[in-house]
Structure formats: C-alpha cells, structure tokens
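Heavy atoms only: backbone and side chains are in, while hydrogens, waters and symmetry mates are out.
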Amino acid sequence: MSHSAPILSDDQAQAFDAVTQALLQAGIDLADDSLTPPRDSGAGVLAVVGKAGSGKTLLLAELHAALVRAGVDVVSGDYEGRKRRDRRTLAILAPTNKAASVLRLRGVPATTIHRILYTPVYDPEYERIADWLAGQGERPVIEGLTEIALDRAFAFYEGNKSIPGALAAAGLRGSDFITGWKRREDPLDIGFVDEASMLDDRQFADLKEIFPTLLLFGDPAQLAPVNQSGAMVFDALPAGRKLVLNRIHRQAQDNPILDLAHALGDPALEFQDFEAMVQDKARRDDRVVWGERVEVDLMARSPVLVWRNVTRIRLINAFRAVHGAPETELLPGEPLICDGIELPLKHRKKRLDLEARGLIKGAQVVYLGPGKSPGFSRLHVIGAEDPQVSAASIIKIEKPDEEEPFIPFAARMGATFLHGAAVTIHKAQGSQWDNVQVFAPDIFVAARMGRTEAGQPLWKRLAYVAITRAQDRLFWVVRNRLSKPTHPLRVDDLTAIAPAPLTLKEEET
C-alpha cells in the first residue's frame with residue numbers, strides 16, 4: 001500500500017532513506033509496509049545529529065508514523081501485551097520525564113529510559129483489562145468495576161494510550177493493579193532515543209543490550225554528560241552510521257531565540273559581541289527580553305539557568321525570602337529537583353515504584369504539601385504521565401557560605417530533593433520551558449576564564465544549551481537583582497490538570 005511521502009528537506013530525506021535501508025536489513029520494509037519476524041541481530045546503532053531547528057524531532061515523528069503504518073507495535077513503559085514470535089516493536093525513549101513529555105505533546109508516544117529498563121508486574125485480574133485495551137483480548141468482566149468504569153478506561157486509552165492512566169480513569173490506583181517491578185530480561189526490537197547527547201556510557205551499554213536496532217537523535221553542540229570527558233556516545237560512531245542534519249528550517253529561521261543559538265557557532269564571536277546581538281534582538285522582537293532583574297514569578301515553574309553552584313544557591317534563598325518561606329517548612333508551590341533515592345537494598349521494590357512514577361534523579365517536582373504520615377510529601381512530578389505522588393522525602397535547602405544544607409524536615413529514608421528555583425545549565429539539558437531566564441553574569445565568568453570543552457569555548461556551549469531550553473520567550477538577565485512576586489505561590493493549576501488519586505501508599509519507608 002502506498003502513502004504520500006513526508007515533506008522533508010534534502011538532508012532529512014537522505015537520513016530517512018538511510019534509516020529505511022537499515023530497517024530493511026532488519027526485516028522491516030517501509031516502502032511496501034511489510035514485516036518479517038525479528039532476527040537475532042538488528043541494524044545496530046545509528047545516530048541522527050543536528051543543532052536546534054534542524055528537524056530531528058520531525059524526522060523522528062515521521063519514522064514513528066511510517067513504522068506504525070508498517071504494522072510495528074509501539075511499546076511503552078507501562079504495558080507490552082502478549083509476546084508473539086512474529087511481533088515487531090518500537091520503543092521511543094528520552095532520558096528525562098520532561099523530554100519525554102515534550103515528545104508526547106507532539107503526538108509521539110515517548111517514555112523514559114528507566115521505564116523501559118524496568119517493567120511493571122500486573123495483577124492477573126487487571127492484566128485482562130490491559131489486554132483488552134491493547135486490542136489483545138475480549139472486554140472483561142471484573143468484580144467491582146462497572147461497565148461505565150470500563151467505558152471511561154477505554155475512552156481515556158483511545159486518546160492517550162496509557163494503561164495506568166486508563167485504569168486510573170476507571171477509579172483504580174496503581175497500588176491496586178501493579179504488584180511490583182522487574183528488570184527487563186528479554187530484549188526488545190527497535191529503539192529511538194531522543195536527547196541522546198545526555199546519555200552516559202553505562203546507559204548506552206544498557207540500551208545496546210536491549211535493542212538490536214538503536215537510533216539516537218542528538219545535538220552535538222550541547223554539553224556532554226558529566227564524567228564523559230566532553231564526548232557524547234554518538235561521537236565515536238563511524239561516518240556512515242552518523243547522519244548529519246545541517247539545514248535550519250524556515251520556522252527556526254523565523255525564531256530569534258534560535259538565531260542567537262546558531263550565532264554561537266561563529267568561532268570569531270566574542271562574549272561582548274554576543275550580548276550586543278541579544279540586546280539588538282530584544283529591541284526588535286518581544287520573544288527576547290533584555291532583563292535587568294530576575295523575574296521571581298517565573299521561577300516557580302521554570303528555574304533560572306546558571307553555571308555556578310554559588311549563584312544557584314543564592315538565587316534559591318532569595319526566592320524563598322521574597323515569598324516569606326519559613327526555614328522550618330516548605331510552602332505549597334515551591335519547586336524541587338529530585339537528587340536521587342536513598343533506600344537500602346531491602347526496599348528495592350519501593351525504589352522502583354518511585355523511579356517508575358518519575359522520581360528519577362533530575363526530575364522536576366512541585367511540592368503540594370505534607371503527606372498523611374510524618375516525613376511524607378505530596379508531590380507533582382513535572383512531565384510524568386501520572387504526576388501526583390506521595391513519597392517519603394528528604395528535602396535539603398542549601399545555604400550560602402555553608403557546607404551542610406539545612407533540612408527543614410525529612411523521613412528516615414526516601415526520595416531526596418534540592419530546591420528547584422534555580423538549576424545549573426548541565427541539569428537543564430533535556431528540558432524545555434515556555435519562558436527561560438538565563439543568568440548572563442555566570443556566562444560572562446565562564447568567558448573570562450577561557451575554558452574550552454571538546455574544542456569549543458565553554459561559555460558558548462553553556463549559552464547554547466541555556467538558550468535552546470526556551471520554547472517561546474528568552475530572558476537574558478544581566479543584573480544580580482530579583483523582582484518582587486506579584487502573587488503567592490500556587491498549586492491549583494497543577495491539581496486542576498492532574499486530579500488522579502495518589503498511587504503510592506504511605507508506608508513506613
């Protein structure tokens with residue numbers, strides 16, 4: 001069956017054809033939508049690399065659509081259905097919840113790498129509902145679930161393709177139908193990884209074990225992962241395995257934010273010249289703002305991006321001070337960043353529960369209030385498919401000129417959090433916000449130090465990553481000043497869009 005070809009640029013079309021040829025070797029023919037059963041070996045690793053605006057996401061979306069048309073099943077992190085020997089599968093992954101949610105907003109069913117490495121174990125009774133929703137079984141009869149509840153689950157799944165979300169729409173909680181988590185044992189088939197510049201060597205090795213055919217999408221101008229010596233996992237791929245997108249598309253060319261990002265590629269550009277460009281853009285286009293102060297109202301949902309930790313800590317404390325936050329407790333609406341999970345080995349299931357719900361290191365979270373048990377917090381995980389969670393928490397507030405953080409309250413063990421009103425540019429990779437504030441004095445310090453990374457001045461890499469986090473509006477903040485808030489911190493906007501019940505029981509952990 002023929003289909004109209006996607007409208008792609010020359011370099012996108014060349015990359016599409018190269019991937020199509022690799023998939024053909026793996027038994028998937030996109031030209032005539034035919035499949036052969038999976039083989040022991042796939043097409044190996046390929047990468048599509050290009051700067052912001054080069055069309056990586058469009059190409060990923062077109063390849064996803066072509067594979068679905070050919071009959072390939074999309075596998076998410078919440079349910080895989082029954083295994084068939086002839087089944088071909090695709091998983092679309094991102095390193096963070098936020099990066100996965102950006103793809104989902106564009107109609108691409110992405111999940112996190114963690115949700116593919118670990119899979120849920122369903123209660124057998126509720127697995128029948130999952131099979132039915134996925135088109136692999138008859139409509140079930142479940143004691144305690146009405147026909148209306150099943151209709152709600154079906155309607156939700158038709159629009160969202162999320163099994164846990166559909167079951168929640170039927171009035172169930174995760175603790176009702178997920179009995180545990182297990183490390184994936186069987187390999188999958190085809191994997192697409194967005195924001196692949198964030199992958200470290202260990203994650204890359206895990207993914208190569210799972211996917212015989214692995215396609216990476218990444219931006220070579222971003223910052224390499226910490227402890228990677230300035231290298232990204234796709235840097236070592238041979239030329240024929242690395243497909244480069246060079247053209248910047250019209251919608252990107254009309255974007256002053258991306259204009260600034262691409263100007264950083266000029267080796268002759270100095271910091272003061274770049275700031276003059278920012279100021280000129282701000283005079284002519286309101287999507288770029290020359291900021292004389294940090295706008296505190298924006299910090300609750302999109303952190304100020306900084307280079308130095310000392311700047312991050314001072315901005316966080318200034319944010320808390322202008323909101324009148326007491327030292328001994330958090331205010332509902334304060335932003336947090338997950339810094340990991342501190343649980344002993346015997347609580348491995350609880351760790352997997354929390355990580356699977358989105359509480360992985362670097363996750364952005366909004367504090368909703370205390371939980372029912374001492375040390376527990378009610379949280380909204382930004383970008384997670386089911387964002388409301390209650391978890392044992394250890395919350396650390398770092399103080400200027402003090403080595404040890406202040407801990408307003410804590411459980412004995414659980415998820416650990418730092419404040420999220422400001423974050424380093426390294427930690428911001430993989431995320432995007434409508435409005436982004438970049439603290440320019442930090443970029444200036446990096447420029448004066450003259451440091452380089454992978455042959456490029458560090459200040460240019462920092463500026464590029466920070467600028468490309470902005471979807472709609474960029475604030476280039478040039479002074480160490482903070483505005484006053486125009487309204488108190490709020491959570492009603494979060495609870496209004498995510499009314500699902502909490503799904504993790506407040507246990508002794």
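With a 4.5 Å cut-off on side-chain heavy atoms, F217 and V193 do not count as touching. Taking the side chain as every heavy atom from C-beta outward, I382 and V365 never approach each other to under 4.5 Å. The closest side-chain heavy-atom distance from V304 to T311 is not below 4.5 Å. Within the 4.5 Å cutoff, side-chain heavy atoms of I92 are placed close to those of P109. Counting only heavy atoms from C-beta outward, the side chains of L133 and F156 never approach each other to under 4.5 Å. Looking only at side-chain heavy atoms (C-beta outward), L46 and L237 stay at 4.5 Å or farther from each other. V108 has its side chain out of reach of R104: every pair of non-hydrogen atoms, C-beta onward, lies at least 4.5 Å apart. Using a 4.5 Å heavy-atom threshold, the side chains of I28 and L67 count as touching.
Applying the side-chain hydrogen bond (donor to acceptor under 3.5 Å, both in side chains) test to Q429 and every residue at least two apart in sequence or in another chain returns nothing. In this structure, the side chain to side chain contact (heavy atoms under 4.5 Å, CB included) partners of V278, at least two apart in sequence or on a different chain, are L260, F274, V288, W290, W476. Residues forming a ring-ring contact (aromatic ring centres under 6.0 Å, His included) with W132 (at least two apart in sequence, or on another chain): F154. Take D17 and apply the side-chain hydrogen bond (donor to acceptor under 3.5 Å, both in side chains) test, not counting sequence neighbours, and it matches no residue. Residues satisfying the side chain to side chain contact (heavy atoms under 4.5 Å, CB included) test with A421, not counting sequence neighbours, are M299, I316, F319, P335, H419. By the side chain to side chain contact (heavy atoms under 4.5 Å, CB included) test, R152 is found to be paired with I148, A149, residues two or more places apart in sequence or in another chain being considered. Here F439 pairs with nothing under the ring-ring contact (aromatic ring centres under 6.0 Å, His included) rule; sequence neighbours left out. With sequence neighbours left out, L24 forms a side chain to side chain contact (heavy atoms under 4.5 Å, CB included) with Q21, D29. Legend: residues meeting side-chain hydrogen bond (donor to acceptor under 3.5 Å, both in side chains) with R312, ordered by chain and number and at least two apart, are N309, E398. Scanning for ring-ring contact (aromatic ring centres under 6.0 Å, His included) contacts around H64 gives an empty result, with sequence neighbours left out. For D339, the side-chain hydrogen bond (donor to acceptor under 3.5 Å, both in side chains) criterion is met by no residue, not counting sequence neighbours.
Counting non-hydrogen atoms of neighbouring residues, nucleotides and ligands closer than 6.0 angstrom, the CZ atom of R284 exceeds 12 such neighbours. Few gaps surround CD on E292; more than 12 heavy atoms of other groups in view lie less than 6.0 Å from it.
In summary, the side chains of T89 and D73 do not present any donor paired with an acceptor at a separation below 3.5 Å, with no hydrogens or angles considered.
With hydrogens and angles ignored, the 3.5 Å screen pairs a side-chain donor or acceptor of R88 with a backbone N or O of T36. Checking side-chain atoms of R287 against main-chain N and O of D472 turns up no donor-acceptor pair under 3.5 Å. Under a 3.5 Å cut-off, the side chain of K56 and the backbone N or O of G50 do form a donor-acceptor pair. Without hydrogens or angle criteria, R469 side chain to S431 main chain gives a donor-acceptor distance under 3.5 Å. In this structure, the side chain of S197 does not engage the main chain of G218 through any donor-acceptor pair within 3.5 Å. Between the side chain of D11 and the main chain of L245, no donor-acceptor pair closer than 3.5 Å is present.
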Worksheet entry | Test log, rule salt bridge (charged side-chain N to carboxylate O under 4.0 Å, His left out), inputs D442 and R308 | CA-CA 7 Å; D442 264 20; R308 300 178 297 171; 2.9 Å; yes

Side-chain donor/acceptor pairs under 3.5 Å, residues 456-466, sequence neighbours excluded:
| from | atom 1 | to | atom 2 | distance (Å) |
| --- | --- | --- | --- | --- |
| K460 | NZ | D266 | O | 2.6 |
| K460 | NZ | L269 | O | 3.1 |
| R461 | NE | E453 | O | 3.0 |
| R461 | NH1 | P220 | O | 3.3 |
| R461 | NH1 | A221 | O | 3.4 |
| R461 | NH1 | Q222 | O | 2.5 |
| Y464 | OH | A52 | N | 2.8 |
| Y464 | OH | D219 | OD1 | 3.4 |
| Y464 | OH | D219 | OD2 | 2.5 |

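In this structure, D259 pairs ionically with K281, as a charged nitrogen and a carboxylate oxygen lie closer than 4.0 Å. With respect to the salt-bridge test (charged N to carboxylate O, under 4.0 angstrom), the residues R301 and D493 qualify.
The distance from the CD atom of Q437 to the CG atom of L315 is 9.0 Å, given to the nearest 0.5 Å.
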